[in-house]
Every structure is written in C-alpha cells, then in structure tokens.
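Take a look at the structure set out below.
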Amino acid sequence: MYAKVIVDVPSRQTNRPYDYFVPPALIPWVEVGSRVGVPFGNRTVQGFVVDLTKRPDVAAGKLKDIAGVLDAHPPLTPELVELGRWVSRTYLCHEITALQAMIPGALKAKYERLVRLEPYEESELAFLVPRQLELIRYLEAKGSVPLDDLIQRYPGEGEWIKEQIRKGRFSETNSIRDRVGRKKLLTVYPPEPPELLEQYAGELPARAARQKDVLDYLRSNPHPVPLAELTKKLGVGAGTVKGLADKGWISIREVEVFRDPYADRDFRRTAPLPLTPEQEKVFGSISRSLTNSVHRVFLLHGVTGSGKTEVYLQSIQQCLDLGREAIVLVPEISLTPQMVERFKGRFGDQVAVLHSRLSQGERYDEWRKITLGQVKVAIGARSAVFAPFTRLGLIILDEEHESSYKQEDSPKYHAREVAIRRARYFGAAVVLGSATPSLESYARAAEEKPDHPDADEEALAASRKYRLLVMKDRVEGRPLPPVHIVDMRSELKDGNRSMFSRPLYNAIEQRLQRKEQTVLLLNRRGYSTFVMCRTCGYTLSCPHCDISLTYHQSSQAVRCHYCGYAERQAQVCPNCASEHIRYFGTGTQRVEEELAKLFPGIRVIRMDIDTTSEKGAHEKWLTQFANQQADVLLGTQMVAKGLDFPNVTLVGVIAADTMLNLPDFRAAERTFQLMTQVAGRAGRHHLPGEVFVQTYTPEHYSVQCASRHDFHSFVHTELEMRKLRDYPPYCRMILVTLSHEQIPLLVRTAETFAARVKEMASAEAARTGVLSDMEVLGPVASPISRIKDRYRFQCLIKYRKDTSVSERVREAVSSFDDLVRQERLQISVDVDPYLLM
DNA sequence: GGAGTCTAGAAT
DNA sequence: TTCTAGACTCCA
C-alpha cells in the first residue's frame, strides 16, 4: 500500500503529491485526510495523505516509509482534501496552504531538532574550553535537548555544536509536535465494587480523619470525580487523596477532557417561536430543499429585526431531524455572547463554537468535537466553513455582505464561494442572509415565478442562480426608526465646531433625562490614530512603509501597522522641533473625551480594538450596558452588528462618510450597509427609536437611501454606477501585486508581467478560436506603495466570461519563477479581491 | 523550506 | 591551485 502525500513545504517545486510506502503496522491508521510525518530530504516533515494507491508513480525501491500517523482520527475528510485542491486552484495558492487553513492552528506542526550526546571517552574532553565542557555536562544530565534551546543557552557555540553533529559526536533526531496537547485531568476512581469502601473505612486508623472524609464522600457518590473538585469540596490536600491511592484502595487516572469555554455557563433552553406568515413562507422554501436533499442557494433578504435568526434556528432543527449537520457562519465581530446564547439555548451541547477569542487549546477541542461526531452544529467565523462534517445538510452565512468573509492572506478565499462549493458536493442548502445583500449576490438572485414553480426550479439550477427570499416586515410590526440626516457643513457654517451637531446633542441630552440609552458609532477608518505636528503639519510615517504611524496610548509608542516598526513617542516635532505635536488618540477616545466635556457625569462604555483586546472584555462591556450601568455605548463597527438592547432608543452616527472617499469601488455599498445595520439597533422593543446621521455629503445616494431604508433604490443606482465604471458584479477581477526593493527593476518586471498575461491570453485564443474578454489594467503603483522597504506595483485583471483567466495568470506568474528566486521578487495574487491595496 | 552540491571568482 | 560565497537543485 502506498500513499500520496502533500508535504508541509510551501514552494512551487514541492506543490505536488509525493509517494510513500505505508508500513503494514500503519495500514489501519493511514486514510485519505490523515496527518502523517514523512521523511523529506534529510528531515521529517508533516504532510497530508491525499490518496491511497497500489501502484506508485515512482519505482518502489526509491520510496521511503511513512514515519508515523499523528492523529487517532484523520483531521480531514476525503471531501475536504478534494476541496483543498479546488481552493488551491481557484485562489492560486499552494495545496498545503489550502489544507493547513482547514485545521485549527493547534495542529500546525512545530518542528524540533533534538540533540543527544553519543558515547565518548573522557580523554576526548581534554581539548575543550570550559564552556564546551559545561555544555557536554548539560547534555549528559538532560538526555536530549532541542537544538534551538541549546544554541540559545550557549550563544557563540553554534558552529561548534554543528561540527559535533557533523562528526557524529552528537546525534540528531527530528520530531514533529503539535502546538497544543490534549488536556488531561487527574480523576479519582472509587474501587470496584464500591462496597469495598465500607471495609476500607473500618481499616482506617482513627487519626486519619481527612482520609475518612474522602472515603465517606465516595461512599455517598460512588462515581469518578476530578481530583481538583474533590479536594476543593472537602477542603483536603491532594496528598490525602494520594495516600489512599497508594494503599491501592482508590485509583487516580489521567482522563482526557475537553476545554469547554462555556463550561460554567447555563444556557436557558428555548423552544421554537411561532413564525410570522412571512417567516413561514421562507422557512417552507428552505425546508423543502432540505427534505429533497437538492443543492440550492437561497438569498434571504430580510430587514433588520425581521426575525432571520429564528428562521435559521428552525431550518437547522429540520436539518438535524433529517440526520444531517449544519454550519452557521457569522462575521467575527458579531459573534457576540448574545448570538452564542441563542444557538446554545436551542441546541445545547450539540453546538461547537469556533472563534478567534478562544485560546488555541479551546479552539482545538471545540473543533475535535466535530471530528469525533459529538456535535451536529458548528457556529463560527470564516474558517468554520471548513468544519469537518461528513453529512452536511445546511450552511448559513449570516450578514452575507460582510467583507470579513474574504480572507486577506493566503489562501485568499471567500467563505461564501467555499460554502457553495461544499454544499454542492453534499446536495446541501446554503442560506445567505442579510438586510443589505452584497451587490454580487443580489445580482445573482432571482425571484420565484409563482406560475411555473417547477420549470423555474430547473432553470434556476442550470443557471446557478440564487433563489431570492424576502422578509419585509419586522417582527410584531415595529416600524423602522426614523433617520435624520444632519448636514455638518451647515453646522460648521453656523459656528458649531464640535463633533456633535446640535440635533444629536439635544437628542442625547433628552435620553439622559429619560434614562434611556444611546449607541454612538464612529467609523474607524479615516479617523484612526495618527501623530501630527500642528505647527508644520508634518505627520509621523513609517521609515519602511508608505503609511503613517499609529499611536498606542497603552505603550506610549508609535507603531507601524504593517511591519511592526515602533518608536517611543516624541516630545517635539522631528521636522520643525515645535512642541505642538499632537497625539490623536483613537477616534473613539476623542469622542469619549468630548462627551465627558459636554455632558458632565455621563457614563460611557467605549468599545474598540483597545478596550476589547482582553479575553472576555467584549462580553463584560455588553453585560454592563445591558444592565444599564452606562448611558452611552460608543464604538466602531462592532457596535453596529447584531446587538439587541430594549432600552436603546437613540443611535448616532458621528461621521457617516469617512469611508466614501477611500479608493474603493465598494465605498458606497459599505456606507449604505453600515448605516442600515446601525439604524436597526434602535427601537427594537416597545420604546420607539430614532437615528441621527451626521455627514458632510448629505446628498450622496448611499446616505439618502439608507435614511429612507430604501434598499432597492440604492441597489438600482449602485448597479448603474458599477456598470458604467465596469466593476463587479459586471466583471470579475484578479489583483496581482509585485513587490521588490528597487523601483526600476520592479517597474520593468511589472510591465513585462502585464504583457505576458496578455500574450498568454492571445496564444490561448489562437489555439481555441475563442477570443478572451480579459483586459489588463496597469501596472500602477499600489495605493500603499511601499511595505517593509519593498516597493509595490499592481496589475488589475478584469474579465467577464473567460473562465480560463486564472489559469493564464497562473502560467504568467510561474514564468517569473527565476526572477522570484534570483531577485527576491514577490508576486501575490488575489482572486476577487476586496481591498485593492 | 533547507541542505547538499555546483561553479565562478578571489586569495595564495 | 585552493578557498569560499552565492546560486541551483532536489526532496518520494
């Protein structure tokens, strides 16, 4: 038996399977999807089995053995292995990179080189310097030591150590270790049968009162109990219990446990709520496709507060009833405790929760529950789309339009596309839910034609279009809150230079009097932390990147967000030596200060990157706000999503248009989405809500449409714009960024690259007789023209129908292989990019 | 990605 | 002619 293995070496040359012999002892363990250790070159690396075969491609004599299998259960399924190949081709990355993205970070291999001392003669030590002698003694005492540790402990002896290894005086072994182990818990087991406890109690000397307590406890609770729990409950030391174990009366064993981040929380079980007629209709469509097991993509356009979550919950229930599994994807930022609570409340411990706030160990354990088949539902951010289920029936993407579904580093996949691909494999349903669907999705969605439902279904399946489902009404008929647009230009003209307009100021004051609560939103982008001299206007920027430095109040330093460069905060301007250098805190900090000035005594909770980085901080602030321990919740995007507080009657957007001026063709769409989302936070319960939007461009259609809650007009106008300027959804794009330390070489190469792509397309056209509709824009300097002392140029490739464009790009990129190696040129490819930086 | 190997130019 | 640094190649 032989296995094809993708090895953990991300390079062009090793981006293909290698054949290995499976030793007979390992045959039961090696499956497609297994994680194995294999000898590669002169070391051992991790790899994934992607195929099993009886006839290898290479002469059998040349093959090496698989060194070992790393997990009891394969971390990947055959379906995921196949998906990995698809991801690597679609998004142009190495296959190993795609496979690694599917497993938790805890399983990323940690390679260790262990050094051990070989037998030697005392006389050989005569020539050593004292330091080396010390090193020998250390090795002797320790047995084997990781090479890195040894070099660190004895700096300057690195060369000598290597020489010893070369000469065979030290032997070297490689090991692959997981970053996180499984958690073991010492557990106390009563004897078998437990009746023996009576007898032991009798034998116990009278002075051993503590040990008697332990025996008594076990007599009344004859079950295994964690040692820590027992000692805490009875107030005895671990030694007391160990004493009993030493007598052989009870036993203490290590038991593997899951780290459960929600262990100490009780979730109130909830029953399904009655559905409104609209919800009923939507649920009916999803339910039909689940029952028939046909793959279908639904775009669920439901206004904020229309009860999408309840539809999700009941659809999942239906999916589980059919014996299948479900994945729920939410944007990282909206994976709030409230959200988790709803799912845990309905499905209890059938749910695994995966998000970035968990420790690596917790994440691994939640994920392992899926591989071991202990849960049926996974809820999490982007990467949860790879949850290793084998009977998937339903994938839900909530807030489908969110840009966080697109991964920004390799593999640069979009969770929506991966979800659809997986669902097609399983004959599963996908539900894309949003109050503000992305234009890409909306353009692909078609409404049901009531007169020919069946014929319509077939046409839909053939065209790969989405089925549009609409929910226009809010639950219990609460109206959407009125949105007031405040023109900040006229505020300025009237002499108001504060960041609060008079209408918003008055509204906040009113809430304070009425003891109601306010949510204030500040767009982070365009308002972030920077350092500027008020005398000469000089801004501190990174010496290695073309970007301004950001100020971190906590460490009193300025930092570069891209390369990590940091310097201490300066007292005077480095340019003109003026003392009027101003450290602008985060935008939210400034707003907080101003609030305190305008409304003395106001209680503000500020939520931004700074205040929520700590584990559990997010939850703590929201609980405080829910308990009305603050008047205002002030924050960045994270306060716009999914929060639901009955006492909030006012929402203020400080500056609605900070994004509009960014070089981003989705700027209008993002502005509209954010405003619509945040407006939905007000007046969700019996108190009526109100929204104030401050802006310098009140006439912009994204602001206007959002204030009227008018999605259709917005989409209409925006689609016109996109068509006019030839942007998605009217074309597809691939962004290729080239970077190098020297501009002349970079420009030359980028130009050759652009020409090469065109060349390859016309060669292909000549071969097939089909003309390509591809066009190549650029090369031009990237908006961030330098990062880590490397200049950056980009080419934007647009196309509509030509399906082989990514293949052409791949060819073009690989034709620059020599340059990449020789000149340390870097080429990065982003298919369907979100950021054109 | 990493190590052994090849090769061209500099030091001897 | 020997030494050494950087490029090249291969890994099953």
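A, B, ... follow the sequence lines: proteins, then strands. Residue 1 opens every chain.
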- prompt: Rounded to whole angstroms, how far apart are CG on A/N42 and C1' on B/dT5?
  reply: 13 Å

message: Test of understanding: with side-chain contact (heavy atoms from CB on, under 4.5 Å), list the residues that count as partners of A/D19, not counting sequence neighbours.
response: A/K4, A/P56, A/D57, A/V58, A/L63

message: Given B/dG1, C/dA12, B/dA3, identify the nucleotide with an atom nearest to the side chain of A/K64.
response: C/dA12

- prompt: Taking only residues two or more places apart in sequence, or in another chain, which ones meet A/T97 in a side-chain contact (heavy atoms from CB on, under 4.5 Å)?
  reply: A/P10, A/C93, A/H94, A/S410, A/P411

task: Would you mind reading off the distance between A/Y2 atom OH and C/dA12 atom C1', rounded to a whole angstrom?
output: 12 Å

- request: Give DNA chain B the dot-bracket treatment, 5' to 3': Watson-Crick (N1-N3 with N6-O4 or O6-N4) or G-U (N1-O2, O6-N3) under 3.5 Å, [ ] crossing, | other strand.
  value: |||||||||||.

- request: Remember a base hit wins even if backbone is also touched, and classify A/Y20 as base, sugar-phosphate or nothing at under 4.0 Å, heavy atoms.
  value: sugar-phosphate

- line: A/R113 has its side chain closest, among B/dG2, B/dA3, C/dA12, to B/dA3

Side-chain donor/acceptor pairs under 3.5 Å, residues 739-748 of chain A, sequence neighbours excluded:
residue, atom, partner, partner atom, Å
A/S739, OG, A/R790, NE, 3.2
A/H740, ND1, A/Q742, N, 3.0
A/H740, NE2, A/E823, O, 2.7

Interatomic distance, A/L63 CG vs C/dA12 C1' [rounded to whole Å]: 5 Å

- prompt: For A/R824 and C/dG6, what is the distance between atoms CZ and P respectively, to the nearest whole Å?
  reply: 10 Å

- prompt: Below 4.0 angstrom, N of the basic side chain to O of the carboxylate: do A/E134 and A/R137 qualify?
  reply: no

query: Partners of A/V375 by side-chain contact (heavy atoms from CB on, under 4.5 Å), sequence neighbours excluded?
result: A/A352, A/K369, A/I370

task: Determine the contact category for A/P56: base if any of its heavy atoms lies under 4.0 Å from a base atom, sugar-phosphate if only primed atoms, P, OP1 or OP2 are that close, otherwise nothing.
output: nothing

- prompt: Is A/D409 salt-bridged to A/K412, cutoff N-O under 4.0 Å?
  reply: no

query: What is the distance, rounded to the nearest whole Å, between atom CD1 of A/I96 and atom C1' of B/dG1?
result: 12 Å

message: So if I take every side-chain heavy atom of A/Y18 and compare against C/dA12, B/dG4, B/dG1, which nucleotide ends up nearest?
response: C/dA12

message: Looking only at the aromatic ring of each residue, does the gap between the centers of A/F816 and A/F753 stay below 6.0 angstrom?
response: yes

If you restrict it to nitrogen or oxygen atoms, what contacts under 3.5 Å exist between nucleotides 8-10 of chain C and the protein, and what is each distance?
residue, atom, partner, partner atom, Å
C/dC8, OP2, A/Q822, NE2, 3.4

message: Taking the basic N atoms (NZ, or NE/NH1/NH2) and the acidic carboxylate oxygens, is any pair closer than 4.0 Å for A/E82 and A/R85?
response: no

message: Taking the cut-offs as 6.0 angstrom to the six-membered ring centre and 45 degrees off its axis, would you call A/R368 and A/Y364 a cation-pi pair?
response: yes

- prompt: Rounding to a whole Å, what distance do you find between A/D57:CG and C/dC11:C1'?
  reply: 16 Å

statement: From CZ of A/R43 across to P of C/dC11 the rounded distance in Å is 13 Å

message: Using whole Å, what does the distance between atom P of nucleotide B/dA3 and atom OH of A/Y111 come to?
response: 13 Å

- prompt: Across the strands shown, which category fits A/D19 at heavy-atom distances under 4.0 angstrom: base, sugar-phosphate, nothing?
  reply: base

